Amino acid sequence: QVQLVETGGGLVQAGGSLRLSCVASGTIFSISRMGWYRQAPGNQRELVATIAADGSTNYVDPVKGRFTISRDNAKNTVFLQMNSLTPEDTAVYYCNCWAATNPQRVKYEYWGQGTQVTVSS
């Protein structure tokens, strides 16, 4: 099993910044894709950004140029730097990864419990 723990959420004014962190722990042989998703009240969970093991990144259009995803492979950690936040960014942010916990390196998908980000106008 893999446990994902997110930190860094909170309340911030519009235009401000937050940095989310997510640490994966457990018996981990390898992690491929890591990512961040978010879910606003009344909405479905949506992709925010992903990062592959080689560092290549993908962002959804609403956050391009404002958010930066990065990872520390040695520490099984993924980050999300969020700048120029707007009230529309208010949501619970979830960490996600595909990880192998077996020598065969078969990967399964894991989710964190989420961290609340609230942006006030």
Side-chain angles (χ1 to χ4, degrees):
Q1 274 288 2
V2 175
Q3 294 78 43
L4 299 177
V5 178
E6 304 103 332
T7 57
L11 174 64
V12 65
Q13 288 188 333
S17 299
L18 283 175
R19 180 177 171 86
L20 305 182
S21 299
C22 172
V23 179
S25 63
T27 305
I28 298 172
F29 281 76
S30 64
I31 299 178
S32 57
R33 193 184 77 172
M34 304 186 81
W36 291 93
Y37 290 69
R38 66 186 181 186
Q39 187 169 16
N43 291 355
Q44 291 186 335
R45 192 174 298 188
E46 62 179 12
L47 173 68
V48 176
T50 62
I51 183 167
D54 65 1
S56 58
T57 59
N58 176 60
Y59 299 90
V60 294
D61 285 345
V63 308
K64 284 182 179 177
R66 300 189 299 122
F67 291 10
T68 302
I69 189 170
S70 60
R71 65 190 285 174
D72 183 336
N73 290 332
K75 297 181 179 180
N76 292 333
T77 302
V78 62
F79 307 95
L80 186 68
Q81 178 66 44
M82 305 185 294
N83 299 329
S84 302
L85 285 161
T86 73
E88 288 68 36
D89 296 315
T90 295
V92 178
Y93 284 70
Y94 295 91
C95 177
N96 167 276
C97 79
W98 285 83
T101 60
N102 51 80
Q104 294 76 26
R105 300 184 183 272
V106 176
K107 294 183 176 62
Y108 296 93
E109 186 175 30
Y110 296 92
W111 291 91
Q113 293 298 307
T115 184
Q116 177 70 47
V117 171
T118 302
V119 184
S120 63
S121 57

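As the structure is a computational prediction, the values presented were derived from the model and not from experiment.
In terms of heavy atoms, T77 sits closest to K75 at OG1-O, 2.8 Å. Of all heavy-atom pairs between S121 and P87, the closest is CB-CG, 3.9 Å.
For the pair L18 and F67, the minimum side-chain heavy-atom distance is 4.5 Å or more. Between L4 and Q113, the closest side-chain pair of non-hydrogen atoms is not below 4.5 Å. Looking at I31 and V78, their side chains never come closer than 4.5 Å, going by heavy atoms from C-beta outward. Between Y110 and Q1 the shortest side-chain heavy-atom distance falls below 4.5 Å. Contact annotation: the side chain of E109 approaches that of N96 to within less than 4.5 Å [non-hydrogen atoms, C-beta and beyond]. Counting heavy atoms from C-beta outward, C97 and K107 have side chains that stay 4.5 Å or more apart. Taking the side chain as every heavy atom from C-beta outward, R38 and V63 approach each other to under 4.5 Å.
Ring pair Y94/W111 is perpendicular by interplanar angle, where above 60° counts as perpendicular and below 30° as parallel.
Rounded to the nearest 0.5 Å, atoms OH (Y108) and CH2 (W98) are 10.0 Å apart. Taking CD from Q3 and CG from N76, the interatomic distance works out to 11.5 Å, rounded to the nearest 0.5 Å. Between R105 atom CZ and F29 atom CZ the span is 7.0 Å, to the nearest 0.5 Å.
Linking Ile, Leu, Val, Met, Phe, Trp and Tyr residues whenever their side-chain heavy atoms come within less than 4.5 Å leaves M82 and F79 in two separate clusters. Placement of L80 and L11 in two distinct hydrophobic clusters is found when ILVMFWY residues are connected by side-chain heavy-atom separations under 4.5 Å, directly or transitively. Residues V23 and I28 do not share a hydrophobic cluster, defined by chaining ILVMFWY side chains whose heavy atoms lie under 4.5 Å apart. Connection of Y93 to V5 is not established within any shared hydrophobic cluster, with ILVMFWY side chains joined at heavy-atom distances below 4.5 Å, either directly or through further cluster members.
Heavy atoms from other residues, nucleotides or ligands lying under 6.0 Å from CD of E46 number more than 12.
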